[in-house]
Enquirer: 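Have a look at this one.
Hydrogens, waters and symmetry mates are skipped; everything else that's a heavy atom, side chains included, is used.
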2 protein chains.
Amino acid sequence: MTGTGSEDKTRTVQPRRGRADKATAIVQAACQVFGRDGYSRAGIDTIAAEAGVSTRTIYNHFPGGKEELFRSVMRWSSERVRDAQLAQLRRYLDPERPPHPANLERDLLALARAWVGLMTDFRDHFALVRHIYAEVGHIPAEVLDAWQETGPRAVGGEVTAAMAALDDHGLIDVHGDPAQATVHFMALISTEITQRSYWGLSPLPQEEADRLTAAGVRAFLRAYGSAA
Amino acid sequence: MTGTGSEDKTRTVQPRRGRADKATAIVQAACQVFGRDGYSRAGIDTIAAEAGVSTRTIYNHFPGGKEELFRSVMRWSSERVRDAQLAQLRRYLDPERPPHPANLERDLLALARAWVGLMTDFRDHFALVRHIYAEVGHIPAEVLDAWQETGPRAVGGEVTAAMAALDDHGLIDVHGDPAQATVHFMALISTEITQRSYWGLSPLPQEEADRLTAAGVRAFLRAYGSAA
DNA sequence: GGTAAAGTACAACGGACATTGCAAGTTATA
DNA sequence: TATAACTTGCAATGTCCGTTGTACTTTACC
């Protein structure tokens with residue numbers, strides 16, 4: 001149902017799609033437009049223009065029309081961002097190689113900055129997510145669940161694992177609930193930046209963002225640092 | 001205690017038609033519909049039906065049409081919620097009467113619970129706010145600023161004052177930035193509940209919400225409790 | 001170069017919806 | 001009761017936009 005329905009028959013006949021990979025261009029442009037305008041306001045014509053593609057081609061690739069396109073964008077974008085987030089997580093807080101105690105704050109801060117950086121790197125995605133939040137009531141529960149599962153929940157689970165590892169090594173004290181510590185960490189490092197930047201509309205100067213991130217990390221460490 | 005806020009003209013029971021306080025009914029219904037469906041999806045006919053009013057009457061009261069109505073709803077709703085929030089703040093954390101140290105956690109927890117409770121009492125408002133967040137790019141900057149100023153910023157300022165007062169009395173240590181402590185407090189007590197309840201779509205059981213709120217307050221006190 | 005898939009241009013349909021004008025009905029007030 | 005103010009139902013207008021059919025062109029690959 002949710003699949004594009006065109007990946008089975010192309011295996012034998014077609015090595016790759018037509019000219020350039022139009023499908024990718026469409027999804028990418030749709031991510032921008034949906035993120036900027038939201039589902040209702042976004043126009044197929046606008047997406048087509050932004051993708052450098054004719055309107056008809058969109059319907060050829062996505063027979064389900066606007067809805068199917070939106071669902072594809074949700075999946076594509078959230079997987080992309082999830083991978084980027086997991087990459088940063090493993091880079092700065094690999095559960096396999098916990099940091100030296102003296103480097104804990106430094107590493108957490110690096111992770112937090114990278115995390116916040118992704119918010120501007122994937123501005124379109126997070127704009128889209130805000131629209132999803134606003135329209136939870138208009139998105140089928142199954143679609144919503146699938147998205148949460150492969151996106152936010154997967155990432156949250158990995159971060160939680162990292163927190164648990166830090167706890168295991170006595171670097172922090174999660175007070176019995178690493179998942180909760182994770183949510184608190186995310187909230188502390190990103191809430192104020194999100195608010196102050198008008199949800200990405202007018203980004204903060206780098207140094208100001210850094211200052212707020214650092215304050216969040218310090219607050220987290222005061223709340224969850226091991227008693228030592 | 002979600003009052004309708006229209007009992008100033010309490011005569012006798014008004015007849016179903018004619019000269020009731022239509023304007024209020026319209027704005028109230030519009031708040032529901034805009035909150036549920038968002039600006040684009042919301043239909044004037046739907047609002048009219050929900051308000052028990054003819055479509056034409058809406059245009060009589062709001063000659064600017066949908067846009068003016070939306071702006072009126074923003075103002076009305078945010079002022080209403082602001083007043084409710086300030087009332088709770090003064091009730092549990094009056095800057096004039098700082099709590100006894102032994103009662104600090106109890107009072108903060110009471111405030112936090114009341115605060116979270118407002119999110120369900122004014123579900124429509126917060127749904128509307130999510131739509132505003134998602135559509136920052138489509139709302140005139142002046143309207144957005146006026147809203148922030150009389151709503152969130154005003155409340156934030158008062159909470160910040162309360163935090164500063166707690167700091168002055170040595171009950172907490174804001175580390176030189178009461179505004180930051182305020183944002184962190186709000187983030188800690190509400191982030192997880194918001195996420196887990198799908199942004200109000202499927203509310204959490206009371207005891208679960210209480211548990212998360214309490215965890216947030218405890219984390220806040222670990223981060224900002226005075227060293228004494 | 002030939003063929004088929006992929007893409008494009010264009011026109012048209014149909015529905016949803018904001019908005020307005022108007023005539024008639026209802027209410028409040030003097 | 002008279003009158004002005006308010007409300008309503010309804011029809012109509014215009015616009016925007018998702019979607020589809022069709023004929024034509026481009027591209028990829030043999």
Side-chain angles (χ1 to χ4, degrees), chain A residues 4-30 32-34 36-73 131 135 138-139, chain B residues 6 8-30 33-34 36-73 131 135 138-139:
Chain A
T4 62
S6 61
E7 60 252 11
D8 324 44
K9 59 183 178 184
T10 56
R11 203 57 57 90
T12 52
V13 185
Q14 288 275 86
R16 272 299 133 194
R17 282 269 165 60
R19 203 162 148 287
D21 197 351
K22 301 285 185 182
T24 308
I26 292 171
V27 174
Q28 203 166 343
Q32 273 189 79
V33 177
F34 279 132
R36 168 158 39 82
D37 297 344
Y39 183 82
S40 310
R41 224 193 279 262
I44 297 289
D45 292 350
T46 311
I47 296 173
E50 211 122 331
V53 157
S54 89
T55 309
R56 203 63 182 76
T57 302
I58 292 184
Y59 286 96
N60 289 341
H61 279 277
F62 304 91
K66 204 179 182 183
E67 279 198 8
E68 184 191 345
L69 180 55
F70 187 76
R71 273 182 271 120
S72 299
V73 169
H131 281 286
E135 307 224 28
H138 292 285
I139 301 175
Chain B
S6 66
D8 37 51
K9 280 245 175 180
T10 51
R11 290 254 162 139
T12 48
V13 183
Q14 316 257 8
R16 289 181 53 77
R17 290 151 66 114
R19 170 115 185 80
D21 200 354
K22 303 286 184 184
T24 308
I26 292 170
V27 174
Q28 202 168 338
V33 178
F34 279 133
R36 167 156 39 82
D37 297 342
Y39 183 82
S40 311
R41 225 193 279 264
I44 297 290
D45 292 351
T46 310
I47 296 173
E50 210 123 332
V53 156
S54 89
T55 309
R56 204 61 184 77
T57 303
I58 293 184
Y59 287 96
N60 290 341
H61 280 277
F62 304 91
K66 205 179 181 183
E67 279 199 7
E68 184 191 345
L69 180 55
F70 187 76
R71 273 182 271 119
S72 299
V73 169
H131 281 285
E135 307 222 32
H138 292 285
I139 301 175

Enquirer: So which one's nearest nucleotide on DNA chain D is more toward 5', A:Gly64 or B:His61?
Expert: B:His61

Enquirer: Atom CZ of A:Phe62 to atom C1' of C:dA6: distance rounded to whole Å?
Expert: 15 Å

Enquirer: Give every pair of a protein N or O atom and an N or O atom of nucleotides 14-18 of chain D that lie under 3.5 Å apart, one pair per line with the distance.
Expert:
| residue | atom | partner | partner atom | Å |
| --- | --- | --- | --- | --- |
| D:dG18 | OP1 | A:Ala42 | O | 3.0 |
| D:dG18 | OP1 | A:Lys66 | NZ | 3.2 |
| D:dG18 | OP2 | A:Ile44 | N | 3.0 |

Enquirer: NZ of B:Lys66 to CD1 of B:Ile44: how many Å apart, nearest 0.5 Å?
Expert: 6.0 Å

Enquirer: Using atom CG of B:Asn60 as one end and atom C1' of C:dT26 as the other, report the distance to the nearest whole Å.
Expert: 14 Å

Enquirer: Can you pull the side chain to side chain donor-acceptor pair (under 3.5 Å) pairs that have at least one residue in residues 55-65 of chain B, sequence neighbours excluded?
Expert: B:Asp45-B:Thr55, B:Ser54-B:Thr57, B:Arg56-B:Asn60

Enquirer: Working to the nearest 0.5 Å, report the span between CD of A:Gln32 and CD1 of A:Ile47.
Expert: 10.5 Å

Enquirer: List the residues meeting side chain to side chain donor-acceptor pair (under 3.5 Å) with A:Glu135, not counting sequence neighbours, and say none if there are none.
Expert: B:Arg41

Enquirer: Identify, with sequence neighbours excluded, every residue that meets side chain to side chain donor-acceptor pair (under 3.5 Å) alongside A:Gln28.
Expert: none

Enquirer: List in chain and number order the residues that pass side chain to side chain donor-acceptor pair (under 3.5 Å) with B:Ser40, two or more places apart in sequence or in another chain; answer none if no residue qualifies.
Expert: none

Enquirer: Who passes side chain to side chain donor-acceptor pair (under 3.5 Å) against A:Arg36, sequence neighbours left out?
Expert: A:Glu50

Enquirer: Going by number, which of residues 50-58 of chain A have a non-hydrogen atom under 4.0 Å from DNA chain C?
Expert: A:Gly52, A:Val53, A:Ser54, A:Arg56, A:Thr57

Enquirer: Starting from P on C:dC17, measure out to CG on B:Leu69 and report it in whole angstrom.
Expert: 16 Å

Enquirer: How close or far is atom C1' of C:dT27 from atom CG of B:Asp21, stated in whole angstroms?
Expert: 15 Å

Enquirer: Going by the rule ring-ring contact (aromatic ring centres under 6.0 Å, His included), which residues pair with A:Phe70 if we only count those two or more places apart in sequence or in a different chain?
Expert: A:Phe34, A:Tyr39

